[in-house]
Amino acid sequence: MMGSTRILFSLAAVSALSLAAEADRKPAEATVTVSAESQPVAVIRTPAPVRVVEAEELTRLGSRTLADLLEVLQPGAVMSTGGTGKQASAFLNGNLSRNVVVLLDGLRLNDPTALSPDLGALSLVGIERVELILGPASVLYGSDAIGGVIALTSTGRGAEGCHGQVGLKVGTDGLLGGTAQVQVTGPRGWIAAGGEAQKQESGFPEDAFRQAGGYLRLGTTLGGAEVTAFYRNSGQTATIPFTTSGWPAIRSYEPQREMRARQESWGASLRWTLAPSLVLENTLQALSGRTGDPSGPKREQTDRDFRRVEDQLTLHWTPVSTFRLSGRLEGREDTSHAQNYYDPNTFSAVQYRGEGRDVAGALELRWTLAEGLDWVAGLRRDAGHRDLTRYDTGLRSRAGSAEAGTWRTGLNWVLRPELRLYASVGQGFRMPNTTEFTLNAQAASQDGAAYPILPERSRTLQVGATGQFAGHWEYRLEAQRSRITDLLAYVYDTSFAFPPLFTSHYANQGSIRAQSLEGALGWRGGEAVAYGWDVILRSQETRDLDHNTEADRFGPQNTAILRHPFFTAAVATFVQSKAWRADLRLAQVGPRYDLNDTTYEVLSTRKPYRDLSAGLSCEPMQHLTLALRGEHLLQRKQTVQDWLSGRYDQEGDASLVYGFPAPGPRWTLAATWKW
């Protein structure tokens, strides 16, 4: 186990929460793989920065959502608009939040109508592995994968027999939740199922959160083929009470406003060994989702739904152990509806149906040039188009094309078990989504002007080194620089015409540069009682290259780079025996630029945001684990009046996103029974 733990830190930098037992084993014994590559490979053979968390670690961390987990994996990367159930976005290594693809078992979960994935709505129930791959991944996963990929792997075939667990969680703010999972494996196949439900209040009146979901997976072997079928759904209701309205804008607290979201997926996959050197994989998935703001008096452009059917066919050819060629064909069709925009002729909501069709082909080569030296290269070509139909007139039009090509190459060199060097360079792209095309079509219908938009483009260079020394020390150093061009910016209508034209739209305007330098250092020791600590430091900058004056070089003319901290630091420590474990983690998210929610001016937060969490777990009897956790222990508990008056706006611990109060201190007690 310790071999895996050391590899996970030195190559994947999970955190100090990694298990530190059996300290005499060596990193070379680890078998950790990256399944989000074209085919699973050992972590030490991929030329990209990777973070991996396995099932046991997910259980120990107690993260309910993907946002909770990313706060540990990359401190400062997640910006949440409040507490449980609120919108949370990730800014990986300084890249934009919309430039991240979330995968479930290799297929994307991104909502084609949303500008960025909501990580706070992605539950981890039934997930046994999470991989965070930083840097361009468009060669394998297409649009949006400029900044990286977050790959979730569902529970699969387990050990023979019946296994499972049930859990109950209670806590402050009325927290009550439960989970149940079971897995049965026999000689002919396996089945796994589970579900969860949770409710919680916040520290504000009538600010509630409800969530429930479940999954079902089953598989069998037919001859030389492994067949898997799956179903998963999740839904949540969260109050969105913090709003601004009017001109000049003022804050108001409206707890009757609710955001409802639901996502459902089902499908099947096949893995067939055609020959000793030839493997065929095919996955077909249907995905649907709905997001709505049904009960509030102010409809803030949130009602939307989508359906997606996607098929992914991959062929792996490995003629010799040192050479592998993978080819992939993808087909995808999205249908989305939006009731988001306002027709100036009637000032009423107008519905649109958006349709997107995409076909893509990709090739990836992996070649071991010498002992410990791997070369990876890939090419991809996407083709497709976007159409829009206006419901009130039935008018259908071609909104734009979805064509792009990209490439990636990299080297990974394991000089010895204690030192690994890697470097990669590649391109990425992001296609405009349905929401952006719809807004531009709405603007064109008012003034007859064309508002074409093109894909965003990026080019990224990454270098890194990981390893260990003196038996107890581990380190990691990574640097990355990305340049994104043809950046899609939202251009506001400033004509002041009467009646107003409402011709605000998206346009390709300008370019930005995002760069980061991250280092981590850790120490492990102890035998009967293991202990250790980790420190993670990251410096980053996201600069507007088209308004680069002393006054606005970091973004007053380009709000796309907001909420990127300049400096982030985290320290974590643990002590563990056979029966109990204690953890402590402190993260500091440095000053950053944000947008004032009433004046809409770009301002600096000036003071850092600090986040302290602590945990204690024990096993009072076999199969039973009790865990006590405290979170956000440094945050001030605010009142509605505090927020309305802006009393704590300039205090760094008051919020991560300006205008949305950070959650106050919380404590939870969880009991888990496994068999």
message: Please verify the inter-ring angle class for Y253 with F204; under 30° counts as parallel, over 60° as perpendicular, anything in between as tilted.
response: tilted
Please determine, by modelled atom types, if [X] and [Y] share a side-chain donor-acceptor pair under 3.5 angstrom.
{"X": "E456", "Y": "N508", "value": "no"}
{"X": "T485", "Y": "S511", "value": "no"}
{"X": "S424", "Y": "Q462", "value": "yes"}
{"X": "D334", "Y": "S336", "value": "no"}
{"X": "W407", "Y": "Q427", "value": "yes"}
{"X": "Y490", "Y": "E436", "value": "no"}

For the backbone of [Y] and the side chain of [X], can you confirm whether one donor and one acceptor N or O come within less than 3.5 Å of each other?
{"X": "T243", "Y": "S252", "answer": "yes"}
{"X": "N110", "Y": "V102", "answer": "yes"}
{"X": "T239", "Y": "P241", "answer": "no"}

Measuring only between side-chain heavy atoms, which start at C-beta, is [X] closer than 4.5 Å to [Y]?
{"X": "V535", "Y": "L537", "value": "yes"}
{"X": "Q515", "Y": "Q480", "value": "no"}
{"X": "D144", "Y": "R98", "value": "no"}
{"X": "V657", "Y": "R563", "value": "yes"}

- line: Sorted by chain and number, sequence neighbours left out, side chain to side chain donor-acceptor pair (under 3.5 Å) with S97 holds for none
query: Out of D118, T81, D207, which one pairs with K86 under the side-chain hydrogen bond (donor to acceptor under 3.5 Å, both in side chains) rule?
result: D207
task: Would you confirm whether the ring centroid of Y451 sits within less than 6.0 angstrom of the ring centroid of Y506?
output: no
- request: Could you tell me whether Y658 and Y593 have their ring centroids closer than 6.0 angstrom?
  value: no
message: I'd like to know if E651 and R636 make a salt bridge, using a cut-off of under 4.0 Å between side-chain N and carboxylate O.
response: yes
Closest approach of L634 to D653 (non-hydrogen atoms, all atoms of both residues): O-OD2, 4.0 Å
task: State, to 0.1 Å, how close P432 and I453 come at their nearest heavy-atom pair, and which atoms those are.
output: CB-CD1, 3.6 Å
[atom1] of [X] to [atom2] of [Y]: how many Å apart, nearest 0.5 Å?
{"X": "S202", "Y": "R666", "atom1": "OG", "atom2": "CZ", "result": "6.5 Å"}
{"X": "R481", "Y": "Q540", "atom1": "CZ", "atom2": "CD", "result": "14.0 Å"}
{"X": "L61", "Y": "D68", "atom1": "CG", "atom2": "CG", "result": "10.0 Å"}
{"X": "I484", "Y": "R513", "atom1": "CD1", "atom2": "CZ", "result": "12.5 Å"}

field: Stepwise side chain to side chain contact (heavy atoms under 4.5 Å, CB included) check, T244 with I250
entry: CA-CA 5 Å; T244 57; I250 59 172; over 6 Å; no
